Each structure stands twice: as structure tokens, then as C-alpha cells.
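Before any comments, here is the structure.
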Amino acid sequence: MRHWLMKSEPERFSWDDLRASPRRTTVWDGVRNYQARNLLRDEIRKGDGVLFYHSNANPPAVVGTATVARAGYPDPSQFDPESRYHDPKFDPENPRWFVVDIRADRALRTPVGLPELREARGLEKMVLLRRGSRLSVQPVTATEWKIILRLGGLAPRKA
DNA sequence: GCCAACGTTGGC
DNA sequence: GCCAACGTTGGC
């Protein structure tokens with residue numbers, strides 16, 4: 001399985017919101033960036049691991065892990081005129097935006113804040129920490145995953 | 001295809 | 001709230 005990091009502003013949709021969702025699962029919709037779209041559509045598989053990251057928080061932090069419950073499919077919100085994510089240029093034959101479903105897995109015992117991530121050995125090359133990096137869905141290596149779970153107080157193995 | 005203007009993200 | 005970095009749009 002591969003690993004990913006997904007950003008969400010807690011004001012908009014938090015880790016607790018995910019845990020409170022039916023079956024602890026939600027549609028990861030509204031991604032409107034082509035690079036992230038390509039990951040959602042082409043790369044992310046059912047069963048992959050997700051680090052749930054709170055952006056625009058104090059401090060920004062990885063707060064929990066989730067599992068991809070369903071691989072990429074067209075984002076329903078692009079077709080919905082009522083949705084804030086509605087894309088007026090949509091073509092039903094050729095959907096532009098994609099989603100995955102994710103299910104909350106484990107909360108970190110202690111959230112791992114951005115300053116701590118920056119200081120941790122082995123995370124120097126994380127996409128998240130790259131200058132100017134804004135990707136809201138991004139790859140995480142298996143090593144980075146293990147390091148962050150350990151920093152968060154979780155044993156790396158168990159589900 | 002260039003690039004200026006504009007919009008968004010996200011740390012601080 | 002500020003603003004740097006980045007992405008997108010659209011005139012030409």
C-alpha cells in the first residue's frame with residue numbers, strides 16, 4: 001500500500017468531523033488542482049494509508065490516519081449547481097475532477113505539529129515541507145509514514 | 001505561446 | 001490580516 005497526506009482546514013472539515021461521519025467515512029471532494037486530481041484519479045488505491053493534516057490551524061498538524069475506502073471516481077460536486085464546488089464548465093462525458101472516499105482510522109495520541117515535522121530527522125524531503133508547497137493531496141513515503149506515526153505516539157504496525 | 005492580472009493557499 | 005508562492009485565466 002502507498003501513503004498520502006491530505007490537508008483540510010479544521011474550520012471547514014476536521015478530523016473530528018470525519019470521525020463523526022457515517023461509518024467514519026467521507027467523500028474527499030472539492031479538490032480543484034490538476035496535480036492533486038491526477039493523484040486522486042490515477043494513483044491512489046483502495047486500502048492506501050492517509051495522514052490527515054489540519055492546515056490553517058494552530059499549529060498546523062498531522063492529527064490522525066485514515067484509509068482509502070474507495071479509489072478514484074468522478075467528483076459529484078462538479079455537476080451540482082448547488083455545490084460550492086460546482087464547475088460550470090463540466091462535461092458529464094469527460095469529468096474533470098475526481099474524489100476518493102476515506103475512512104478515519106486512528107487518531108494520533110499526540111498531534112504532530114508543523115514545527116516538529118520540520119525538526120524531525122528523516123522528514124527533510126517531505127513534500128509538505130518543501131518551500132511553497134501547496135498540494136492538498138500529496139505522496140508520503142513509507143519511511144515518512146513510520147516516522148510520523150512514531151512521533152504521534154502510535155505503534156507503526158497495528159491497524 | 002507569452003505573460004500580466006488575478007485568485008487561492010496556507011503559514012505566520 | 002498580511003503576504004509569499006503558486007496556479008489559472010485570458011488578451012494579444
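Since we're looking at a predicted model, the values are computed, not measured. The basis for the numbers below is simple: all heavy atoms, side chains too, and nothing from hydrogens, waters or symmetry mates. Throughout, a chain's letter reflects where its sequence line sits, starting with A, and its residues are numbered from 1.
- DNA chain C is contacted by both Asn56(A) and Ser133(A); Asn56(A) maps to the nucleotide lying nearer its 5′ end (nearest heavy atom per residue).
- Around atom CG of Asn58(A), no more than 12 heavy atoms belonging to other residues, nucleotides or ligands sit under 6.0 Å away.
- Using modelled atom types, one finds no donor on one side chain facing an acceptor on the other under 3.5 Å when comparing Ser77(A) with Asp80(A).
- Residue Glu124(A) qualifies as enclosed at atom CD: its count of foreign heavy atoms under 6.0 Å is above 12.
- In this structure a side-chain-to-backbone donor-acceptor pair under 3.5 Å is missing from Arg96(A) to Gln78(A).
- Rounded to a whole Å, the CZ atom of Arg96(A) is 7 Å from the P atom of dT9(C).
- Contact between the side-chain N/O atoms of Lys7(A) and the OP1/OP2 oxygens of dT9(B) is not found at any separation under 4.0 Å.
- Here the P atom of nucleotide dT8(B) and the CD atom of Gln35(A) are 19 Å apart, to the nearest Å.
- One can place OH of Tyr85(A) at 13 Å from C1' of dT8(B), the figure rounded to the nearest angstrom.
- Here dG11(B) presents its P atom at 12 Å from CZ of Arg134(A), a figure rounded to the nearest Å.
- By the 30° and 60° cut-offs, the orientation of the rings of Phe52(A) relative to Phe13(A) is tilted.
- The separation between Asn33(A) atom CG and dG10(B) atom C1' is 14 Å, rounded to whole Å.
- Between the side chain of Arg32(A) and the base of dT8(B) there is no donor-acceptor pair of N/O atoms closer than 3.5 Å.
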Checklist entry - Can you give one letter per nucleotide of nucleotides 1-6 of chain B, going 5' to 3': B for a protein heavy atom under 4.0 Å from the base, S for sugar-phosphate only, - for none? => result ------
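- By the 4.5 Å heavy-atom criterion applied to side chains, Val68(A) and Met1(A) are not counted as neighbours.
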